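Here's the structure, in structure tokens; my notes come after.
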Amino acid sequence: MNQRDDEQAAPEGSSDDAAPTAEGRLPFEEQSDSPYEPLVRAYEPQDTTESSPDEDDPSGDQGELSDDRAEPTSGDESTEASVETAEPSVETAGPTADAESTTAEPDESVVDTPEPGASESAASDTPSGPEAHSAATAATREGVSGSDSEDITEPDPSTTPDADADAAADADADADVEQDAAPAAEEPVPAADPDGTAIIPAVRVDDAASPEPTDGPVAVPPAAAAPRPSSSPAAYRTPAEQVWAEQQSALAADDEPPRTEHPLGELDGEGAPSRWPRAGMWTAAGLVVLGGLYVGAQWMLADTVPRGTTVAGVDVGGLDTADAAARLDEELGPRAAEPLEVAAGEATTSVDPVAAGLTIDTEATAEDLTSFSWSPSRLWDQLFGGSEADLVVDVDDAALTTALEAAATGIDVAPVDGTVRFSGAKVESTDAMAGTAVVVDEATSVVSEGWLVEETPLELPTDSVEPDVTQDETDAALAEAEVVVSAPVVASVDDQSPELPPEALGDAASFPAKDGALVLTWDAEALDEAIVSRTNDLLTTAEDAHFEFVDGRPKVVGGETGTRLDDEQVVESVGAAAVSTDDRTAEIELVTTDPEDSAESLEELGVEEKIVEFSTPLTDEPVRTQNLVVGASKVNGTLVKPGESFSVTDALAPITEANGYGAAHIISDGEIIDGIGGGLSQMSTNMYNIGFFAGYEDVTHKPHSYYYSRYPEGRESTMFVGSIDMVWTNDTPYGVLIQAWVGDGKVNTVAWSTPYWDVTTSTSDRSNVVEPTTQTVDSPDCVASPAGGDGFSVTVYRKVSHDGSVDKDEAKSWTYKPQNAVECE
């Protein structure tokens, strides 16, 4: 490339580099992805239709020439040119030698003829040297963009500053030009469009092509011009170029997008290939060699445990897989069967590893230490010695959880609730303390990881367990208790004002725990006693109404009301006064109490007349008669309300000497002996017949083993405390009052009530009669007796009805034994 061609390629007003457009590109230039591809697309046909500067040129000065050029005349003609640009191949020294551009020689017929007068004006004003180059460039821009065309004479190469250097470069470049690169002048000239648009055909440019210089004028599109070298001094610029450079620099500062760095960084020279691929190739080769050495070393050393390696304190360094596993079995087997000590704080216990599902896997442990590995640490251990390695442990999670839950019960520390208690007028308290509980879920990891590896006992993780009654609750209750016993409480009741001292208050007060709090609680019975004991005849007892026989008839007496303290009121009033620091007086009112049996309630029972009377004769035994007198007094006045039952043993109890009873004949196991309460069976027989004839429900009774003539056959009942009783139930709507006494040689009983049941009875004749014999008894308690009555069987019938409806229809049979004579040995 010669210097002239370089100057001609620089547009008017350009800076050191070709001025970019608003999009950051040179005029008529498309960006290329390859640094070696010639940018020739600028020669595609361009629309050169004339347009006003306001419409086409954003700067408003398009088509304006530099100051040293005459403004061309307007016209429709366009300049057509073919330009061949060669890729820079030689780096030329000097301010303008960064890149070279070769301009193909156009056909002379391409140049249009300007209007008359324009040529002279242009010829006279065209400068030489750099000024001529700038003017030619500006004219070319005007012709291609649709402005008035004019003849442009290519400057003489001899007039450029570096003509000699460029000529030498051109000579070298011409030597390499291929034969098929035809000059642009031989190509046909395309016809112009009717609208004045010039069509410029594209020219293939070889990398080393250097066209022959042309003598005729040529129109050079701006896109074909190579950029001015960046080192070009400002002295080469015309005033118009300087203005253009300043404008383009301002636009580039605002609009030029950031440039993207090449991914391989800066190349070694413009367009030269990078040295990185070769360096990368050698690096990769080195890595392959090192990798092979690394893998080989790992493979060769994989079968042996690194020396210095220990597992759970057992040295297995230098052993192969089988020997390492055998040594671990030998050393760890006995230890694995020993109980595992665990602790939670200061408490300790033990866990059976077998029951907890813990087993060691020595084979897996050894294989982990000898198997092939990619880890650099494994090779490091092989070369420089190993350290403590992990022991592989098989864990049955469910069994371990169960074992730790059981162990936790022995080492968990229960929290301590705070307490407050009274001791007379003093108050004592116990501080609250948090407890601890083993966190079983976390403890399983501690045990499975620390078994046989860490020192025992293994410390298990725990959580703090807060007490239900915290220290704050305890302190609050203690403060309240101290107020309770700080002074007496005065109880104002029924014109009396007993004073309850702190000791009495403390004896009646307590602080039980309720829902996580200590609650002041009062003993109502203790408060009542403390109040009543400090008063005079404060309360009166209610008297139940009862029946008394007056002139042989029942009469209701008594039934007076009484007074008492209302427990709820006492607790509320005394409790409020006890926790007060100023007014410690409790206002209390007495309440009236009704008797359990009032006179009105007894009169409603219908005890009005005798419904049954029954008597049996006495014997001539004084003690027996005395027992019946005592028994009659206890039965007399007994009231059996509707639905209630009468029990003869309950009515006569307690049958003791202290209660007035003496020893008399009784029958025990078929023998007649003396016993306390002998003869009371006669009272049982009387009461059975009261219930029998009144129609009451027979619950239980048992006739005597022997028949005694003082009783009706089949309608009599014996008794023995604890085993034999006589019970009937009053199944009428009326109460029944029993009257009993001993008189006129008989035991007399009467039932007072209102008749309800209609009763009919009958007794069968004797059957199965057996005469008595003599019986010899060898017993220290034997009582001799003569022969008595015969043995026989009998049946008693009873039919009970009400208003014609039969309710009970009974037939009860009994067999008596013969009453043999008794002889004692």
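All of these numbers come straight from a predicted model, not from anything done at the bench.
- The shortest distance between side-chain heavy atoms of V607 and V736 does not fall below 4.5 Å.
- We find the CD-CD distance between E341 and E459 to be 12.5 Å, quoted to the nearest 0.5 Å.
- Within the 4.5 Å cutoff, the side chain of Q496 has heavy atoms near those of the T535 side chain.
- In this structure, F422 and L505 have side chains that are not in contact, with every pair of non-hydrogen atoms separated by 4.5 Å or more.
- Side chain of T729 to backbone of E644: no donor-acceptor contact under 3.5 angstrom is found.
- Using modelled atom types, no side-chain atom of T561 and backbone atom of A542 make a donor-acceptor pair closer than 3.5 Å.
- At least one donor-acceptor pair under 3.5 Å links the side chain of D412 to the backbone N or O of V438.
- Side chain to side chain, S601 and S598 meet the donor-acceptor criterion of an N or O pair below 3.5 Å.
- Annotation: side chain of W728 is in contact with side chain of M687 (closest heavy-atom distance under 4.5 Å).
- At a threshold of 4.5 Å between non-hydrogen side-chain atoms, the residues P642 and Y734 do not count as touching.
- Other residues, nucleotides and ligands contribute only 12 or fewer heavy atoms inside 6.0 Å of the CD atom of E596.
- Remark: the backbone N or O of K702 is not paired with any side-chain donor or acceptor of Y688 at under 3.5 angstrom.
- Proximity of T649 to F720: side-chain heavy atoms (C-beta onward) are nowhere separated by under 4.5 Å.
- The 12-atom threshold is exceeded at CD of Q569, counting heavy atoms of other residues, nucleotides or ligands nearer than 6.0 Å.
- Ion pairing of R421 with E428 is present here, as a side-chain N (NZ or NE/NH1/NH2) and a carboxylate O approach within less than 4.0 Å.
- Each of T563, D495, D494 was evaluated against L538; a single residue qualifies, D494, per the side-chain contact (heavy atoms from CB on, under 4.5 Å) test.
- Under the 3.5 Å distance criterion, the side-chain polar atoms of D417 are matched with a main-chain donor or acceptor of V469.
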Check: residues 516-531 side-chain donor-acceptor pairs under 3.5 Å, at least two apart:
{"unit_1": "T521", "atom_1": "OG1", "unit_2": "V519", "atom_2": "O", "d": "3.2"}
{"unit_1": "D523", "atom_1": "OD1", "unit_2": "E525", "atom_2": "N", "d": "3.1"}
{"unit_1": "D523", "atom_1": "OD1", "unit_2": "A526", "atom_2": "N", "d": "3.3"}

Output, in order, the C-alpha distance, side-chain angles, deciding distance and verdict of side chain to side chain contact (heavy atoms under 4.5 Å, CB included) for V447 and L358. CA-CA 9 Å; V447 171; L358 297 174; 3.8 Å; yes

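- Side chains of T359 and V393 form no contact here, defined as non-hydrogen atoms less than 4.5 Å apart.
- Residues passing the side-chain hydrogen bond (donor to acceptor under 3.5 Å, both in side chains) test with N659, sequence neighbours excluded: K634.
- When the shell of 6.0 Å around CD of E572 is examined, it contains 12 or fewer heavy atoms from other residues, nucleotides or ligands.
- Considering only heavy atoms from C-beta on, P353 stays 4.5 Å or farther from R335 through its side chain.
- In this structure, the side chain of T310 does not engage the main chain of G313 through any donor-acceptor pair within 3.5 Å.
- K808 and D731 are joined by a salt bridge, as a carboxylate oxygen and a charged side-chain nitrogen come within less than 4.0 angstrom of each other.
- More than 12 heavy-atom neighbours from other residues, nucleotides or ligands sit within 6.0 angstrom of CG on D567.
- Remark: the backbone N or O of W752 is not paired with any side-chain donor or acceptor of Q739 at under 3.5 angstrom.
- With a 6.0 Å radius and a threshold of 12 heavy atoms from other residues, nucleotides or ligands, E499 has its CD atom above the threshold.
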